[in-house]
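If you're wondering where the values come from, they're calculated on a predicted model, not measured in any experiment.
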Amino acid sequence: MSRIGTGVGVAGHAPAPVPSVGRVPGRMPPAGQVVVTGIGVCAPPVDRPATGAWFDVRTRLGRRGYKYLPAACQYLLVAGRDALDDAGGCLDGAGEEFRGVVIGTNNGVAALHDEQDRTVIAEHAGELSPVTAPFGAVNVLTSRLSMEHGFTGISLTLTSPLVAGLESMQVGARAFAAGRVNLLLAGAMEQAVPAPEAAAPEEGAVVLLLEPPERAEARGATGYGRCAVRTLLLPPRGLGSGAVRERAAAVVREAARDLGADQVPVYALLDDSPVSELVAGAVPAAVGPVRDAGPPAAGSLTPMLRLADRLRAADGDSLLVTAAGTGNVAMVRIWRTAGSTNRSAGC
């Protein structure tokens with residue numbers, strides 16, 4: 001049977017009450033809020049194509065220990081370091097076992113897999129490089145970031161098409177609610193696919209330093225603001241049925257209203273699929289029309305880049321929505337901290 005998943009919180013772990021920040025009149029604030037206290041972005045300038053010329057590993061990471069890492073991992077390490085620096089060195093008071101990492105990717109090792117396949121086909125598996133072979137497992141890239149900064153708690157890699165980066169924040173909120181971690185690096189990393197077809201290739205990484213609201217408040221860190229993420233799965237094959245389509249639209253409307261979509265500007269990253277068409281028509285947008293933020297690219301990086309932009313923007317709260325023909329949908333509500341700058345509060 002066709003199923004519509006709503007991506008809600010962890011059963012049995014009710015989140016702590018949230019103060020008035022993010023409250024919509026007449027409604028309870030959305031569960032699963034996190035505070036973004038650091039932002040790290042490693043991506044090519046918008047006016048320059050995503051080629052190797054924009055990134056030099058020796059300059060950004062050093063001459064030893066990083067040369068043979070996949071490019072996506074190199075970008076991830078830079079963005080993770082920058083996010084921690086941006087947060088003002090706020091590792092104090094967070095034991096290593098309560099520091100976690102959750103990263104999304106769709107094509108982080110696609111180029112490496114392509115190279116390995118060619119080597120096996122043309123030669124033999126014994127010819128695979130022992131230096132790069134371990135990185136064929138995508139979770140090793142995330143683990144490398146964990147090891148770099150002594151994050152010995154959870155270390156997860158998500159691969160949901162398009163929404164994996166935003167989903168990392170939702171998983172982080174669940175981990176906070178369950179008491180698994182109290183500090184989290186969440187984000188996305190991508191490397192250009194060898195032969196892009198339907199979408200533009202992506203290069204780079206975005207990492208956000210997340211904290212539970214109560215921890216950030218206890219130490220007086222306001223950061224850039226709060227976020228709450230909802231993810232949905234709308235099976236594309238079932239959307240031709242009137243009943244299924246209306247049910248899917250109702251789920252989208254409910255999730256969007258819970259996040260206050262009818263109270264703030266809505267920005268959308270949508271393709272030309274029936275799924276995106278349904279989402280665009282179902283999301284309430286009382287504050288003007290849904291604003292087109294451009295179509296998604298080949299991986300999960302673009303939504304995270306847009307989120308970083310929205311967190312650093314000076315025009316207030318907003319909702320970012322993204323959807324693709326695969327059926328994956330994500331929404332992130334952003335409550336910006338008044339007066340926040342490009343650098344969040346230190347410890």
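Separating the CH2 atom in Trp335 from the CG atom in Leu311 is a distance of 11.5 Å, to the nearest 0.5 Å. Taking CE from Met331 and CG from Leu166, the interatomic distance works out to 11.5 Å, rounded to the nearest 0.5 Å. Atoms CZ and CG, from Arg81 and Leu76 in turn, are 11.5 Å apart once rounded to the nearest 0.5 Å. Ile103 contributes atom CD1, which lies 9.0 Å from atom CG of Leu158 (distance to the nearest 0.5 angstrom).
Taking Ile, Leu, Val, Met, Phe, Trp and Tyr as members and joining any whose side-chain heavy atoms lie under 4.5 Å apart, directly or through other members, the hydrophobic cluster of Val163 also contains Leu162.
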Stepwise side chain to side chain contact (heavy atoms under 4.5 Å, CB included) test for Glu202 and Asn107: CA-CA 9 Å; Glu202 293 181 309; Asn107 304 299; 5.5 Å; no
What verdict does the side chain to side chain contact (heavy atoms under 4.5 Å, CB included) test give for Asp317 and Gln263, after you've listed the backbone C-alpha separation in whole Å, the side-chain angles of each residue and the deciding distance to 0.1 Å? CA-CA 9 Å; Asp317 302 346; Gln263 303 291 321; over 6 Å; no
Residues Val279, Leu232; criterion side chain to side chain contact (heavy atoms under 4.5 Å, CB included); working and verdict: CA-CA 11 Å; Val279 170; Leu232 312 172; over 6 Å; no
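Criterion: ILVMFWY side-chain heavy atoms under 4.5 Å apart, direct or through other members. Under it, Val140 and Met147 are not part of a common hydrophobic cluster. Residues Leu91 and Leu185 share a single hydrophobic cluster, defined by chaining ILVMFWY side chains whose heavy atoms lie under 4.5 Å apart. Linking ILVMFWY side-chain heavy atoms closer than 4.5 Å, directly or via other members, places Leu77 and Val101 in a single hydrophobic cluster. No path of Ile, Leu, Val, Met, Phe, Trp and Tyr side chains, each step under 4.5 Å between heavy atoms, connects Phe98 with Leu145, placing them in separate hydrophobic clusters. The same ILVMFWY cluster, assembled from side-chain heavy atoms under 4.5 Å apart, contains both Leu84 and Tyr66.
In terms of heavy atoms, Ala175 sits closest to Ile154 at CB-CD1, 3.8 Å. Pairing each heavy atom of Met169 with each of Cys227, the nearest pair is CE-CB, 3.7 Å. For the pair Ala173 and Gly32, the tightest heavy-atom approach, listed with the atom from each and the gap, is CB-O, 3.4 Å. Here the closest heavy-atom approach between residue Ser318 and residue Arg310 is recorded as OG-NE, 3.2 Å. What you find for Gln74 and Leu69 is that their closest heavy atoms are NE2-O, 3.2 Å. Among all heavy-atom pairs drawn from Pro236 and Gly325, the shortest one is CG-O, 3.1 Å.
Looking at heavy atoms from C-beta onward, Thr157 lies out of side-chain contact with Leu141 at the 4.5 angstrom threshold. With contacts defined as side-chain heavy-atom distances shorter than 4.5 Å, the pair Val264/Arg333 qualifies. Proximity of Val34 to Leu184: side-chain heavy atoms (C-beta onward) are nowhere separated by under 4.5 Å. At a threshold of 4.5 Å between non-hydrogen side-chain atoms, the residues Tyr75 and Leu301 do not count as touching. Within the 4.5 Å cutoff, no side-chain heavy atoms of Leu210 are placed close to those of Val35. With a 4.5 Å cut-off on side-chain heavy atoms, Cys42 and Phe55 count as touching. Inter-residue side-chain proximity for Asn328 and Leu233 is flagged as met; some heavy-atom pair is nearer than 4.5 Å.
Side chain of Thr105 to backbone of Glu190: no donor-acceptor contact under 3.5 angstrom is found. A donor-acceptor pair under 3.5 Å is formed between the side chain of Ser168 and the backbone N or O of Gly187. Using a distance-only test at 3.5 Å, with no hydrogens or angles considered, a donor-acceptor pair links the side chain of Arg336 to the main chain of Ala313. Looking only at distances, no side-chain donor or acceptor of Asn182 sits under 3.5 Å from a matching main-chain atom of Phe176. Of the possible donor and acceptor atoms, none in the side chain of Gln33 sits under 3.5 Å from a partner among the backbone N and O of Pro213.
A side chain to side chain contact (heavy atoms under 4.5 Å, CB included) with Leu320 is found for one member of Asp309, Val229, Leu307 and no other, namely Leu307. When the options Glu217, Glu211, Glu214 are evaluated for a salt bridge (charged side-chain N to carboxylate O under 4.0 Å, His left out) with Arg226, the one that passes is Glu217. Residue Arg306 forms a side chain to side chain contact (heavy atoms under 4.5 Å, CB included) with just one option from Val206, Leu269, Val332, and that option is Leu269.
For Thr337 and Thr222, the side-chain atoms include no donor-acceptor pair closer than 3.5 Å. A donor-acceptor contact closer than 3.5 angstrom links the side chains of Asp86 and Tyr224.
When the salt bridge (charged side-chain N to carboxylate O under 4.0 Å, His left out) test is applied to Arg144, the partners found at least two apart in sequence or on another chain are Glu148.
Residue pairs that meet the salt bridge (charged side-chain N to carboxylate O under 4.0 Å, His left out) test with at least one member in residues 60-70, sequence neighbours left out, are Arg60-Asp82.
Around the CZ atom of Arg215, the shell of radius 6.0 Å holds more than 12 heavy atoms that belong to other residues, nucleotides or ligands. With a 6.0 Å radius and a threshold of 12 heavy atoms from other residues, nucleotides or ligands, Glu96 has its CD atom above the threshold.
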